[in-house]
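Only one structure is covered here, and it is reproduced in the block below.
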Amino acid sequence: MTERISVILTVYNMESCLHETMDSVLSQTYRNLEVVCIDDGSKDGSPKILEEYAARDDRVAVYSQDNVGPALSRNRGLDLATGEYLMLLDSDDIYDRMMIEKLYGRAIESGADIVVCRSVEYDHSTGAVSKAPWTAKAEQIPVKDPFSCEDMYDYVLTAFIGWPWDKLYRRSFVEANALRFPALSNSEDLYFVFLSLVLAERISFYDEVLIKHRMNRSGSVSNSRAKN
């Protein structure tokens, strides 16, 4: 029996790309999933789209709330998750259909608390895909695997990017360290991700591109960061 993996998806006004993301999650070759969708007060067609998926696939659970931002929405997802492992995914990215199977396999093989993979950039306007080697700097990642902060003191805050969606987490590790997101309007992920990398005793790097990270989409948090 494979272990259940919780996919936490926070959604706010994502109707333009939500179908593509949900399809890439639900078509994963690893089937034992619970998909926890937190609709954070969307004002577009996102809630209807989520309910349609929930009606078709009993692995999908939808929770609606007034808008509180990504940090508290992710925290609610963490509180609701029941799987042995979890992923905190963005609701506009596109995931390789073998992503979870590969990351879970590595977690079991290495006993890792965190498994990190690679991603590429996907332009929302043009559909162009660009390599992004800077998202996982091979020269800063220990050769040994798994590794910990002690093996990379100089690079633990620079080898990987401070976003959570390219990482598989052991849920017992997250809970044992009371890891949650601070209530900030953006950049809340930096605290969660870097603290987890410092605390983890076993980190594994899966050196393969498994995610297309959507860029150049109006309304995205990354596009609004400069204002804050």
Side-chain angles (χ1 to χ4, degrees), residues 5-28 33-81 86-97 99-100 117 119-130 132 135 161-168 181 183-190 192-193 210-228:
I5 295 178
S6 300
V7 173
I8 298 168
L9 210 67
T10 53
V11 179
Y12 179 69
N13 294 346
M14 288 289 185
E15 67 177 357
S16 66
C17 43
L18 188 54
H19 280 291
E20 199 168 14
T21 296
M22 288 296 290
D23 288 343
S24 73
V25 170
L26 295 175
S27 65
Q28 290 289 308
L33 307 177
E34 66 169 2
V35 184
V36 180
C37 301
I38 309 295
D39 179 69
D40 189 28
S42 293
K43 295 176 174 58
D44 64 357
S46 295
K48 185 174 184 294
I49 293 170
L50 291 175
E51 292 296 346
E52 289 171 354
Y53 278 98
R56 297 201 304 263
D57 194 320
D58 61 9
R59 297 176 298 169
V60 179
V62 180
Y63 301 88
S64 298
Q65 62 189 28
D66 293 335
N67 182 257
V68 296
L72 297 182
S73 297
R74 282 175 171 157
N75 288 345
R76 187 179 182 192
L78 288 170
D79 292 340
L80 291 165
L86 57 86
M87 295 196 76
L88 293 142
L89 301 185
D90 277 3
S91 53
D92 58 351
D93 290 342
I94 305 168
Y95 305 98
D96 184 283
R97 64 191 303 269
M99 174 184 71
I100 293 177
C117 68
S119 60
V120 291
E121 294 187 339
Y122 173 74
D123 190 294
H124 179 72
S125 300
T126 66
V129 175
S130 305
T135 62
I161 305 299
W163 49 41
W165 44 260
D166 61 353
K167 300 168 181 72
L168 174 79
F181 293 84
L184 302 172
S185 57
N186 62 47
S187 301
E188 76 291 338
D189 40 8
L190 301 179
F192 180 96
V193 170
L210 298 175
I211 301 168
K212 291 179 181 177
H213 179 48
R214 195 179 298 266
M215 304 293 291
N216 201 23
R217 180 182 64 81
S218 62
S220 71
V221 172
S222 58
N223 282 350
S224 66
R225 186 164 287 131
K227 299 177 184 176
N228 292 275

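For this chain, numbers begin at 1 and follow the sequence in order.
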Note to self: So, taking the atom named CG in L9 and the one named CG in L89, what distance separates them when rounded to the nearest 0.5 Å?
What the structure shows: 6.0 Å
Notebook entry, point to check: Which residues satisfy the side chain to side chain donor-acceptor pair (under 3.5 Å) test with T21, sequence neighbours excluded?
Noted result: none
Checklist line | side chain to side chain contact (heavy atoms under 4.5 Å, CB included) involving D23 - partner list, sequence neighbours excluded | finding: Y53
Notebook entry, point to check: Nearest heavy-atom pair of I211 and D166: which atoms, and what distance?
Noted result: CD1-CA, 3.7 Å
Next item on the list: Apply salt bridge (Lys or Arg N to Asp or Glu O under 4.0 Å) to E15 and list each qualifying residue two or more places apart in sequence or on a separate chain.
Entry: none
Notebook entry, point to check: Residues in side chain to side chain donor-acceptor pair (under 3.5 Å) with T126, at least two apart?
Noted result: D123
Note to self: If the condition is ring pair (Phe, Tyr, Trp, His ring centres under 6.0 Å), which residues does Y95 pass it with, not counting sequence neighbours?
What the structure shows: none
Margin query: With a 4.5 Å cut-off on side-chain heavy atoms, are C37 and M22 touching?
Written below: yes
Notebook entry, point to check: Can I38 and L80 be said to form a side-chain contact (heavy atoms from CB on, under 4.5 Å), step by step?
Noted result: CA-CA 10 Å; I38 309 295; L80 291 165; 3.9 Å; yes
Next item on the list: Return the set of residues passing side chain to side chain contact (heavy atoms under 4.5 Å, CB included) with S6 (not counting sequence neighbours), or none when no residue passes.
Entry: E34, A81, L86
Margin query: Tell me the closest heavy-atom pair linking V36 and G77, and the distance in Å.
Written below: CG1-CA, 4.2 Å
Next item on the list: Drop me the distance from D92's CG to S16's OG, to the nearest 0.5 angstrom.
Entry: 8.0 Å
Item checked: Heavy-atom donor-acceptor pair, T135 side chain to A132 backbone, under 3.5 Å -> yes
Next item on the list: Could I get the full list of side chain to side chain donor-acceptor pair (under 3.5 Å) partners for E121, not counting sequence neighbours?
Entry: none
Notebook entry, point to check: Would you say V11 and I49 make side-chain contact, with heavy atoms under 4.5 Å?
Noted result: no
Check: Under the salt bridge (charged side-chain N to carboxylate O under 4.0 Å, His left out) rule, what pairs show up with a residue in residues 61-77, not counting sequence neighbours?
Finding: R74-D90, R74-E188
Notebook entry, point to check: Taking the inter-plane angle between the rings of W165 and H213 on a 0 to 90° scale, is it parallel (under 30°), tilted (30 to 60°) or perpendicular (over 60°)?
Noted result: parallel
Notebook entry, point to check: Got a second to check how far E51's CD is from D39's CG, nearest 0.5 Å?
Noted result: 9.0 Å
Margin query: Taking side chain to side chain contact (heavy atoms under 4.5 Å, CB included) as the definition, give me every residue that meets it alongside I94, ordered by chain and number, with sequence neighbours left out.
Written below: E20, S24, Y122, K212, R214
Check: Between V62 and A54, which heavy-atom pair has the shortest distance, and what is it?
Finding: CG2-CB, 4.0 Å
Margin query: Please find the pair of heavy atoms, one from S91 and one from T10, that lie closest to each other, and give the distance.
Written below: OG-O, 2.9 Å
Margin query: Is there a side-chain contact between M87 and V25 in this structure, where contact means two heavy atoms from C-beta onward sitting under 4.5 Å apart?
Written below: no
Next item on the list: Not counting sequence neighbours, which residues clear side chain to side chain contact (heavy atoms under 4.5 Å, CB included) with V68? List them please.
Entry: D40, Q65, L72, S73
Note to self: What's the separation between atom CG in D93 and atom CG in L210, rounded to the nearest 0.5 Å?
What the structure shows: 12.5 Å
Item checked: Minimum-distance pair of heavy atoms, taken over all atoms of V193 and P164 -> CG2-N, 3.6 Å
Margin query: Quick check against the 3.5 Å criterion: does S42 have a side-chain atom that pairs as donor or acceptor with the backbone of P47?
Written below: no
Check: Does K167 reach the main-chain N or O of W163 with its side chain, forming a donor-acceptor pair under 3.5 Å?
Finding: yes
Notebook entry, point to check: Under the side chain to side chain donor-acceptor pair (under 3.5 Å) test, which residues partner R59, sequence neighbours left out?
Noted result: D57
Notebook entry, point to check: If you measure from CD1 on I161 to OG on S119, what distance do you get to the nearest 0.5 Å?
Noted result: 8.5 Å
